[in-house]
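Whatever order the structure lists ligands and atoms in, that order sets their numbers, starting from 1.
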Amino acid sequence: MPSLRKSNVARLDGRVFDVLVVGGGINGAVAAACTAARGLQVALVDRGDFAGFTSQESSNLAWGGIKYMETFEMGLVAKLCASRNRLIRAYPSTVKEIRFFTTHTRGFRHGLWKLVLGTWLYWVLGRLFTRTPRRLSLATMAREEPVVNLDGADGGFEYSDAYLHDNDARFVWNFIRSALDHGCVAANYVESLGSVRSGDVWETRVRDLETGVEKLVRSRVLLNACGPFVDDMNAASGVTTPHKHVFSKGIHLIVPRITRTPRVLTFFADDGRLFFVIPMGPRTCIGTTDTRVDSPQAQVTAEDRAFVLSNINTRLRLDKPLTEADVIAERCGVRPLVVANTGESTTDWLQLSRKHAVDVDEATAHVAIYGGKLTDCLNVGEEVAEVCRKLGLELPYPDRVWYGEPGDEAREAFMHQAKLMDLDAMTHEDSSEVLSSRLWRRYGATAFVMLEDIRRDPKMAEVLIEGAEYLRCEIEHAARREMIVKLDDFLRRRSKISLVIPQSELRSAEGLREACEILFGAQAESRLREYFA
Ligand SMILES: Cc1cc2nc3c(=O)[nH]c(=O)nc-3n(C[C@H](O)[C@H](O)[C@H](O)COP(=O)(O)OP(=O)(O)OC[C@H]3O[C@@H](n4cnc5c(N)ncnc54)[C@H](O)[C@@H]3O)c2cc1C
């Protein structure tokens, strides 16, 4: 049977799509999910894996942008808070409220009370949706988070935002999956080589990077969602837009778990910016940085690593300071920031707004998305659908709900079935949560199929890869439905296994070979070699 990817690549030519989305990060994924659900014929290609670039490097937060209050961007903060609230409501098991436990040091550019009042204003701008902020005395801080170094501190405060439980790339994948469920023809490892307008359609030449075969994809609307490569893609298609991107590099380091409390420890780093210690399952993710760079192909430098490690070691009371040897994995990405395309260079770097812009050329039906955040993704999807309507495409289902977890009734039915078969008793002793919660969160309604697989064969509930919370039935499911081409697609993006298990352990992990056989069949050996090369 041909794979889902192969059959989708075969369906890319031969008809005129309503929309071709180039780029499968968060912006492309939500655009495809929303337009496909509303009834358009949509195709999407990405030259890497879905979410394989910026959208796998974020801080995993859905947040209202408390720091933009410093530049008095209250409208933006209110809007981002509304987007965050909408995500928490729509994805109760994936996007979760989390407390930010913040330390304030004497002499910081804003006094403690000013910041405490700021958190209350933030809460009001967030429409009182989350738990109320709290001022923290030094005694409370010492009692609740003994790992925090309070030297020089005069107190602190706690406020709420939200985080993505399963990580950013998985979050993006679920939008791609939902687009596929609504008939979108999506394929990873297919590169756009540029587009030309021919009559009233766009013709985009694409290359399947797995086979080298080239095709022509025809569409009424062309959507450039290439993230940091939007400007390059526009240049390849001869398009100019009112906006362009500049880049800010941010890195995170994944280290052994620092605290067991499910909250984000927050500090002001040496450069005065917010600095986070974020829970990531059995590990902790620390960062980030903000450095202006000229190219999207940024890498973690020794200086970045030293900055993050020295900040963390100063602000925490660890038994042993963290060193490079403790780093399990690294994340590095560039924030694509929107500026006017005037030809002038941007000087006011740190004051740059983090808003997104959707540039539309009505005459040629060309759309380009600039900037954006995971937090604001539902708005981006809906804006693109509305743009398509204005460009003359009729949306057969304009009001269809296109996002969110299945409702309470479906969840209760799932939990009931799980209870009847005593699913949670099969949870591996090292797992951080019971099986029923995890399967529901990761797969939603598709998790019912997994219950059936486990009832048919209890071996399906075994953890296949040592140290990873992944069952045999999940890997079989991933092979069928998650368009995994390379081992990294599975280990880094559909799951976060490679972020929490060091490479050296992964290489010898029992079960990895069997997982590869399920995922890649005859190509198992070569995919393993490619990954560890
Ligand atoms: C360090 C850091 C921390 C962040 N933290 C947060 C956070 O906590 N919360 C939040 O909301 N946001 C956060 N962001 C912002 C957010 O991650 C990004 O704005 C978002 O992921 C950008 O998504 P995108 O779809 O525009 O770009 P990408 O995810 O980069 O997607 C673009 C895609 O286009 C593809 N592409 C490029 N050229 C071609 C071509 N020729 N043919 C086919 N495909 C092509 C690429 O392969 C890529 O997959 C953070 C960003 C960074 C860097």
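- Close approach of ligand 1 to V22 is summarised as follows: ligand atoms under 4.0 Å from at least one heavy atom of the residue are 42 (N), 43 (C).
- Interface atoms of ligand 1 facing T375, defined by a heavy-atom separation under 4.0 Å, are 9 (N), 10 (C), 11 (O).
- Of the listed residues (A236, S192, P296, S58), the one carrying the non-hydrogen atom nearest atom 41 (N) of ligand 1 is S192.
- With distances taken over non-hydrogen atoms, the option nearest atom 53 (C) of ligand 1 out of V334, L87, V190 is V334.
- At a 4.0 Å heavy-atom cut-off, ligand 1 does not touch S248 at all.
- Counting only heavy atoms from C-beta outward, the side chains of I258 and R283 never approach each other to under 4.5 Å.
- Checked for salt-bridge contact, E362 and K390 miss the test: no charged N lies under 4.0 Å from a carboxylate O.
- Atom CZ of residue F100 and atom CZ of residue F276 lie 5.5 Å apart, to the nearest 0.5 angstrom.
- Note: F175 and Y403 fail the aromatic proximity criterion, with ring centroids not under 6.0 Å apart.
- For ligand 1, the polar-atom distance check finds no N/O of G24 at less than 3.5 Å from any of the ligand's N/O atoms.
- Ranked by closest heavy atom to atom 18 (C) of ligand 1, the top entry among T54, V45, D290 is T54.
- Close approach to M233 involves these atoms of ligand 1, each under 4.0 Å from a residue heavy atom: 41 (N).
- Among protein heavy atoms, the minimum distance from atom 5 (N) of ligand 1 is reached at S59 N, 3.0 Å.
- A centroid separation of less than 6.0 Å is found between the aromatic rings of H366 and W202.
- Comparing heavy-atom distances from atom 23 (O) of ligand 1 across G25, G227, S55 singles out S55 as nearest.
- With contacts defined as side-chain heavy-atom distances shorter than 4.5 Å, the pair E324/L309 qualifies.
- Protein heavy atom in closest approach to atom 32 (C) of ligand 1: C226 C, 3.4 Å.
- At under 3.5 Å, a nitrogen or oxygen of R47, whether backbone or side chain, sits near a nitrogen or oxygen of ligand 1.
- Annotation: E57 places no N or O atom under 3.5 Å from an N or O atom of ligand 1; distance criterion only.
- Taking every heavy atom of N60 and a limit of under 4.0 angstrom, the matching atoms of ligand 1 come to 8 (O).
- A donor-acceptor pair under 3.5 Å is formed between the side chain of R170 and the backbone N or O of R494.
- For atom 51 (C) of ligand 1, the closest non-hydrogen atom on the protein side is R335 CG, 3.7 Å.
- Residue, atom and distance of the protein heavy atom nearest to atom 15 (C) of ligand 1 are G372 O, 4.3 Å.
- Summary of contacts: the protein heavy atom closest to atom 49 (O) of ligand 1 is D46 OD2, 2.6 Å.
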Problem set entry | Residues Y370, H245; criterion ring-ring contact (aromatic ring centres under 6.0 Å, His included); working and verdict | CA-CA 7 Å; Y370 281 89; H245 273 147; 4.8 Å; yes

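- The shortest side-chain heavy-atom distance between V384 and T35 falls under the 4.5 Å cut-off.
- Counting atoms of ligand 1 from 1 in the listed order, those under 4.0 Å from a heavy atom of G250 are 1 (C).
- We find that R5 and D208 are joined by a salt bridge, their nearest charged nitrogen and carboxylate oxygen being less than 4.0 Å apart.
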For this session: Could you walk me through whether F275 and F267 pass ring-ring contact (aromatic ring centres under 6.0 Å, His included), step by step?
Result: CA-CA 5 Å; F275 187 84; F267 307 93; 7.0 Å; no

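- Residue L61 holds the heavy atom nearest to atom 8 (O) of ligand 1 of all those in L61, I278, L80, D232.
- Taking only nitrogen or oxygen atoms, main chain and side chain alike, L374 reaches within less than 3.5 Å of ligand 1.
- By the 4.5 Å heavy-atom criterion applied to side chains, L216 and D13 are not counted as neighbours.
- Here's the thing with I26: one of its N/O atoms is less than 3.5 angstrom from an N/O atom of ligand 1.
- Taking each of T288, N27, N224 in turn, the one with a heavy atom nearest to atom 26 (O) of ligand 1 proves to be N27.
- Side chains of R47 and N188: no donor on one and acceptor on the other come within 3.5 Å.
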